[in-house]
Amino acid sequence: MIRIALTALLLATPAPAQTLGPFEGEWQGEGTLALPDEPAQRLRCRLRLEETRLSGTVFQGRCATAQGGRNFTYLLREAEGGMIRGENRAGDDLPPQIEGRIEGEILRLGDGAQGVFEMRREGTRLHFRLSAEGRQGPTRGEAVLHLRD
């Protein structure tokens, strides 16, 4: 009897919204990074967006230039009103929380002050943009990533 009640409860629970679905997958590619007072540099990025069974979508990545790289991991959750909120799971000096929404075909996430991630999918390509305000001034990066098999 309890098994039947639990099954009925699970079936009656609405499925989570699939707004992040088009962005899910493993992505890899390159572009350029512009730092203040320096020439543009080649930027390589790998991203992974993967839905977890219970807690949300993992947004994990690494972007690097010849000078060094940066890892990040956020757990994204869809909230009321179409908002998407993310918690930093890497424990580093990146913003502890980000939020944003999907507008049209663009997913834009930021912390309201320092930085922004922006993604736009076109078929098997993902246009990835990042921007941040650092001690030395604005940093801007753009890359075209391809869906990995």
Side-chain angles (χ1 to χ4, degrees), residues 10-149:
L10 289 173
L11 291 175
T13 304
Q18 294 295 316
T19 58
L20 290 169
F23 301 97
E24 290 178 359
E26 291 193 35
W27 304 89
Q28 180 175 332
E30 60 184 58
T32 58
L33 180 72
L35 299 169
D37 302 323
E38 292 187 27
Q41 302 175 44
R42 181 176 160 195
L43 176 69
R44 291 181 167 184
C45 293
R46 290 182 89 161
L47 302 179
R48 180 174 66 93
L49 281 93
E50 180 179 353
E51 182 179 5
T52 62
R53 289 192 57 86
L54 299 174
S55 59
T57 299
V58 173
F59 172 39
Q60 184 175 43
R62 174 171 176 77
C63 290
T65 66
Q67 294 178 339
R70 189 69 188 251
N71 296 318
F72 56 88
T73 302
Y74 283 91
L75 179 62
L76 305 179
R77 292 189 175 104
E78 297 181 37
E80 291 184 30
M83 289 296 292
I84 298 169
R85 293 195 169 89
E87 295 176 34
N88 183 343
R89 294 299 175 111
D92 55 19
D93 63 342
L94 290 174
Q97 297 187 349
I98 56 175
E99 66 179 26
R101 62 181 60 243
I102 297 173
E103 296 177 0
E105 297 178 357
I106 298 173
L107 169 59
R108 184 178 174 93
L109 299 165
D111 68 346
Q114 294 179 345
V116 171
F117 294 110
E118 187 176 284
M119 293 167 261
R120 179 175 46 90
R121 182 166 182 176
E122 285 183 353
T124 59
R125 293 187 307 178
L126 186 73
H127 295 268
F128 180 64
R129 193 179 73 139
L130 55 98
S131 61
E133 294 295 327
R135 289 171 284 173
Q136 300 170 349
T139 300
R140 307 282 181 259
E142 291 188 23
V144 176
L145 310 180
H146 299 276
L147 188 59
R148 297 179 61 201
D149 295 327

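Below, each value reflects all heavy atoms present in this structure, side chains not excepted, and no hydrogens, waters or symmetry copies. In what follows, residues are counted from 1 in the order of the sequence shown.
Listed by chain and number, the residues in a side-chain contact (heavy atoms from CB on, under 4.5 Å) with Q28 are R46, R148 (sequence neighbours excluded). Residues meeting the side-chain contact (heavy atoms from CB on, under 4.5 Å) test with P138, sequence neighbours left out: P36, E133, R140. Residues satisfying the side-chain contact (heavy atoms from CB on, under 4.5 Å) criterion with R62, sequence neighbours excluded, are A64, N71. R121 meets the side-chain hydrogen bond (donor to acceptor under 3.5 Å, both in side chains) test with no other residue; sequence neighbours excluded. With sequence neighbours left out, the side-chain hydrogen bond (donor to acceptor under 3.5 Å, both in side chains) criterion links T32 to no other residue. Checked against side-chain hydrogen bond (donor to acceptor under 3.5 Å, both in side chains), D37 has no partners two or more places apart in sequence or in another chain. Under the side-chain hydrogen bond (donor to acceptor under 3.5 Å, both in side chains) criterion, E80 pairs with no residue, sequence neighbours left out. Residues meeting the ring pair (Phe, Tyr, Trp, His ring centres under 6.0 Å) test with F59, sequence neighbours left out: F72, F117.
Contact detail for T52 and V58: the closest heavy-atom pair is CG2-CG2, 3.6 Å. Here the closest non-hydrogen pair linking L126 and M119 is CD1-CB, 4.0 Å.
Distance check, rounded to the nearest 0.5 Å: CZ of R125 to CG of L147 gives 12.5 Å. To the nearest 0.5 Å, the span separating CZ on R48 from CD on E24 amounts to 10.5 Å. Residue I84 holds its CD1 atom at 13.0 Å from CZ of R77, rounded to the nearest 0.5 Å. Put simply, CH2 on W27 and CG on L47 are 9.0 Å apart, with the number rounded to the nearest 0.5 Å. Distance check, rounded to the nearest 0.5 Å: CD of E142 to NE2 of H127 gives 10.0 Å. Between L130 atom CG and T139 atom OG1 the span is 8.5 Å, to the nearest 0.5 Å.
Sorted by first then second residue, the disulfide (SG to SG under 2.5 Å) pairs that include residues 101-149, not counting sequence neighbours, number zero. Under the disulfide (SG to SG under 2.5 Å) criterion, no residue pair touches residues 100-149, with sequence neighbours excluded. For residues 37-146, every residue pair satisfying the disulfide (SG to SG under 2.5 Å) rule, not counting sequence neighbours, is listed here: C45-C63.
None of R42, Q41, E30, R70 except one satisfies the side chain to side chain contact (heavy atoms under 4.5 Å, CB included) rule with T65; the exception is Q41.
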Handout entry: Derivation and outcome, side-chain contact (heavy atoms from CB on, under 4.5 Å), residues L20 and L76
Key = CA-CA 9 Å; L20 290 169; L76 305 179; 4.3 Å; yes
Exercise for the section: Decide yes or no on side-chain contact (heavy atoms from CB on, under 4.5 Å) for L35 and Q67, but give the supporting numbers first. Expected result: CA-CA 12 Å; L35 299 169; Q67 294 178 339; 3.9 Å; yes
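Ion pairing of R85 with E99 is present here, as a side-chain N (NZ or NE/NH1/NH2) and a carboxylate O approach within less than 4.0 Å.
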Using a 3.5 Å cut-off and no angle test, enumerate the donor-acceptor pairs between side-chain atoms of residues 101-113 and protein atoms at least two apart in sequence or in another chain.
from	atom 1	to	atom 2	distance (Å)
R101	NH1	G81	O	3.0
R108	NH1	E118	OE1	2.7
D111	OD1	A113	N	3.0
D111	OD1	Q114	N	2.7
D111	OD1	G115	N	2.9
D111	OD2	Q114	N	3.3

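Side-chain atoms of P95 and Y74, non-hydrogen and from C-beta on, do get closer than 4.5 Å to each other.
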